[in-house]
Amino acid sequence: MGSERAEELIEQAESEAQSTPPEFTGEYPIVVEGITNRFGEQVVHDNLSLKVKRGEILGVVGGSGTGKSVLMRSIIGLQVPSEGSIEVLGQSITDAEEDGDIDIRSRWGVLFQGGALFSTLTVAENVEVPLKQFYPELSNELRQEIARYKVRLSGLPEEATSKYPSELSGGMKKRAGLARALALDPELLFLDEPTAGLDPIGAAAFDRLTRELAETLGLTVFLITHDLDTLHAICDRVAVLADKKVIAVGTIPELLATDHPWIQEYFNGPRGRAAEATHTRSMSGTMDKDSKGGA
Amino acid sequence: MREWADFELVEGEGGPVLRVSGPLTVAGIAPLDTRLRELDDIAAIDIAGITAIDTVGAWTVWRSAMRMDAEVRGASDKATRLIEAVKAAENTAAITPPRSRLLERVPEAVGIKVSGMLVGMKDMVGFLGLTIAAFGALVRHPRRFPMLAVIRQIELVGVSSLGIIGLMSFLIGIVVAQQGAVQLQQFGAEIYTINLTGRLTMRELGVLMTAIMVAGRSGSAFAAQIGTMKLTEEVDAMRTIGVSPMERLVVPRVLAAVLMMPLLGFYSAVIAIVGGAFIANFALDIPFWTFLSRIREVVPMTDLYVGLVKAPVFGLIVAMSGCYQGMQVSGNAEEVGLRTTLAVVQAIFMVIVLDAFFAVFFTEIGWA
């Protein structure tokens, strides 16, 4: 009886003409080429280009209003740039005429700034939403099991599983948002200021969790942040947004070698120095990776 | 074409071995998972032949292995890592919070509602007292009187609602006159359409419909404005600077509503009569000006008084429930919406209840 049901499900899923997504093997899962974003008179991006390498954590920094979030929204297809092209996992985002044309949505996860959880659903039900949407053939049992372990994988305690977003603290909301972003085991993860508004301990734990998940699950992470500690602790490379462009991409030492005034001020200001000092201290120290970590 | 994970059973040493093949990912696992749940007695699960694995696949393998006490063989580095990760993330909590039985839930909800009503009424009376005290303070310190705020609210409550209230009243006048005429015609008394329209709008409909309109337009705005100010801590900021929110926020709104309601109510009644006269001119062959001059003869002054006495009371109720609900907002943005709805519903409900009371009262004292 069970195998009959399984066949039924296969038929159903195949009739929906979904095909198994091929694993992306190219070097750059995100390629942004010469995009221009305009809001009325105001030009946010002017001929901006950026490539994200597979498997890296790319930090995106820039002053307030330099269009970091707009860039992320462009890449995930929420904001159509007036010029230029964007390719994600080998598929063009800018050529998509309507929402349905972008069929790689199941292969990326997005964590919005405030978590953007659905307020009428519990944390676990939030995680179930993308599973139901993209893989309706999964049995209820399996879907609920997946939701449960994803909640824990994001570093939330068991009690949080059945809580509503309004009952969670800011840090827990971000973790719940992360659980939903990871629901489909995506290849790409977009994080918009994941540590903003968290206390230093919570922020450090979230950084550690991001790094661990990225390594374990083999994720490519596009991470917007203001947090210098995050940059030093987990980012492989950093892209700097200024003057409506990406003015530099590279590791932090590489960036320090450039003489752009904004970069110099950013990393060599009092806060930048403090973050660097903390980082070198913890690197040269015992590398005490908190054993309880996130998972 | 979509690929699915599959398995075959082979005999191995120590018992049957489950050999899994295909993509062990969320996209391809559904049928495998369903079939795995029905198996028992497997000695080992061999996943050397899979083409891909993610945490969902790792979870399924680990869960089945645990349930059947089987060992996992042939796991690649990645698979081992993923299995370790999901193992550490085991979670047995429920997806949704437990719900009590219907038999318990209904009485509980009723009880909370009833006791909430009692508390709400008490708080409302307390709020009325606070407002009166704020008035008293302003009378004693007239220089603190927020004149600009009052004028601004008068504009918002009174002047800018003239258009919508005028249109509504005109249409109501048309409906009352036209429908009344149809009935009265049956015994040749269509001339009484004038009495019907004039008295009904002056006594009841003008003020009542205006109060409902003001509740929807201004009462809701009061609740939403004050509620948002509570959320953004503006109200707290006022308090710390020594400015009384009751004097600055509540008094101007209550005053504006109390002052404007009689004017709006009268205006509404007049426009409704014009609407009645308009339709009478075309449908009933009663000339427009005849209709209007007959109004003066058939509508007693007491009808006007009845309307005008009720109006400020309704205005007070609408403004008070709007401001009260706004002040009760705390927590999140959702509450603003909830309280706004509550303010309007409460205001309209109380207005109608009081109107019924007034109707009986005025008839009893002879203003029939």
Side-chain angles (χ1 to χ4, degrees), chain A residues 1-3 5-10 13-14 16-21 23 106 119 121-125 127-128 131 134-139 141-142 144-164 166 182-185 212-213 215-218 293 295, chain B residues 1-7 22-39 51-60 62-64 66-67 76-99 331-335 337:
Chain A
M1 180 220 158
S3 50
R5 179 151 180 270
E7 272 160 33
E8 212 174 276
L9 284 166
I10 295 179
E14 262 163 18
E16 280 158 28
Q18 256 185 351
S19 56
T20 310
E23 201 171 340
S106 62
S119 54
L121 303 178
T122 64
V123 172
E125 286 173 329
V127 180
E128 282 185 87
L131 289 165
F134 287 104
Y135 302 110
E137 77 273 11
L138 294 177
S139 66
E141 289 155 306
L142 180 62
Q144 294 187 357
E145 283 168 11
I146 296 173
R148 281 198 200 100
Y149 83 73
K150 296 271 158 137
V151 169
R152 294 276 280 124
L153 207 59
S154 312
L156 286 168
E158 260 186 40
E159 309 86 78
T161 316
S162 61
K163 281 199 173 138
Y164 287 94
S166 56
L182 293 174
L184 300 172
D185 275 87
E212 271 176 21
L213 287 174
E215 275 168 14
T216 320
L217 310 180
Chain B
M1 181 59 195
R2 193 159 160 193
E3 289 173 58
W4 300 96
D6 203 356
F7 70 83
L24 215 51
T25 61
V26 63
I29 197 122
L32 176 83
D33 174 72
T34 319
R35 285 162 68 201
L36 269 182
R37 281 175 201 277
E38 289 168 0
L39 287 177
T51 53
I53 188 165
D54 64 6
T55 63
V56 176
W59 167 263
T60 308
W62 181 71
R63 186 207 60 214
S64 309
M66 281 297 288
R67 186 171 60 83
S76 61
D77 282 353
K78 188 180 177 192
T80 318
R81 209 168 60 221
L82 291 176
I83 290 174
E84 285 304 315
V86 295
K87 203 191 282 184
E90 202 194 356
N91 180 354
T92 51
I95 298 283
T96 48
R99 283 177 65 172
N332 51 25
E334 209 179 324
E335 183 125 333

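Protein chains get the first letters and strands the later ones, always in sequence-line order, with residue 1 at the start of each.
At a threshold of 4.5 Å between non-hydrogen side-chain atoms, the residues Val56(B) and Leu138(A) do not count as touching. You'll find the side chain of Tyr149(A) stays beyond 4.5 Å of the side chain of Arg63(B), heavy atoms only. For the pair Ser139(A) and Arg37(B), the minimum side-chain heavy-atom distance is below 4.5 Å.
Considering all non-hydrogen atoms of both residues, Ala30(B) and Glu137(A) come closest at CB-CG, 3.2 Å. Closest approach of Ala93(B) to Thr161(A), counting heavy atoms only: CB-OG1, 3.5 Å. Residue Ser162(A) comes nearest to Ala94(B) through the heavy atom pair CB-O, 3.3 Å, listed as atom of the first residue, atom of the second, then distance. Contact detail for Ile95(B) and Glu125(A): the closest heavy-atom pair is CG2-CG, 3.7 Å.
Using a 4.5 Å cut-off between heavy atoms, Glu141(A) touches chain B through backbone and side chain atoms alike. Interface remark: Val123(A) contributes no atoms to any contact with chain B (heavy atom separation under 4.5 Å). In this structure, the portion of Lys150(A) lying under 4.5 Å from any heavy atom of chain B is its side chain and not its backbone.
Within 6.0 Å of CD in Glu158(A) there are more than 12 heavy atoms belonging to other residues, nucleotides or ligands.
The CG atom of Leu142(A) lies 8.0 Å from the OG1 atom of Thr34(B); values are rounded to the nearest 0.5 Å. Here the CH2 atom belonging to Trp59(B) is positioned 11.0 Å from the CG atom belonging to Leu153(A), to the nearest 0.5 angstrom. One distance of note links OG1 of Thr25(B) with CG of Leu184(A); it measures 11.0 Å at 0.5 Å rounding.
Per-residue counts of heavy-atom pairs under 4.5 Å with chain A were compared for Thr55(B), Thr96(B), Leu82(B), Asp33(B); the largest is that of Thr55(B). Taking Thr216(A), Leu213(A), Leu217(A), Val127(A) one by one and counting their heavy-atom pairs under 4.5 Å with chain B, the maximum is reached by Thr216(A). Ranked by heavy-atom pairs shorter than 4.5 Å toward chain A, the options Thr92(B), Thr60(B), Val86(B), Ile29(B) are led by Thr92(B).
Ion pairing between a basic and an acidic side chain is recognised when a charged N comes within 4.0 Å of a carboxylate O; Glu145(A) and Arg67(B) show no such pairing.
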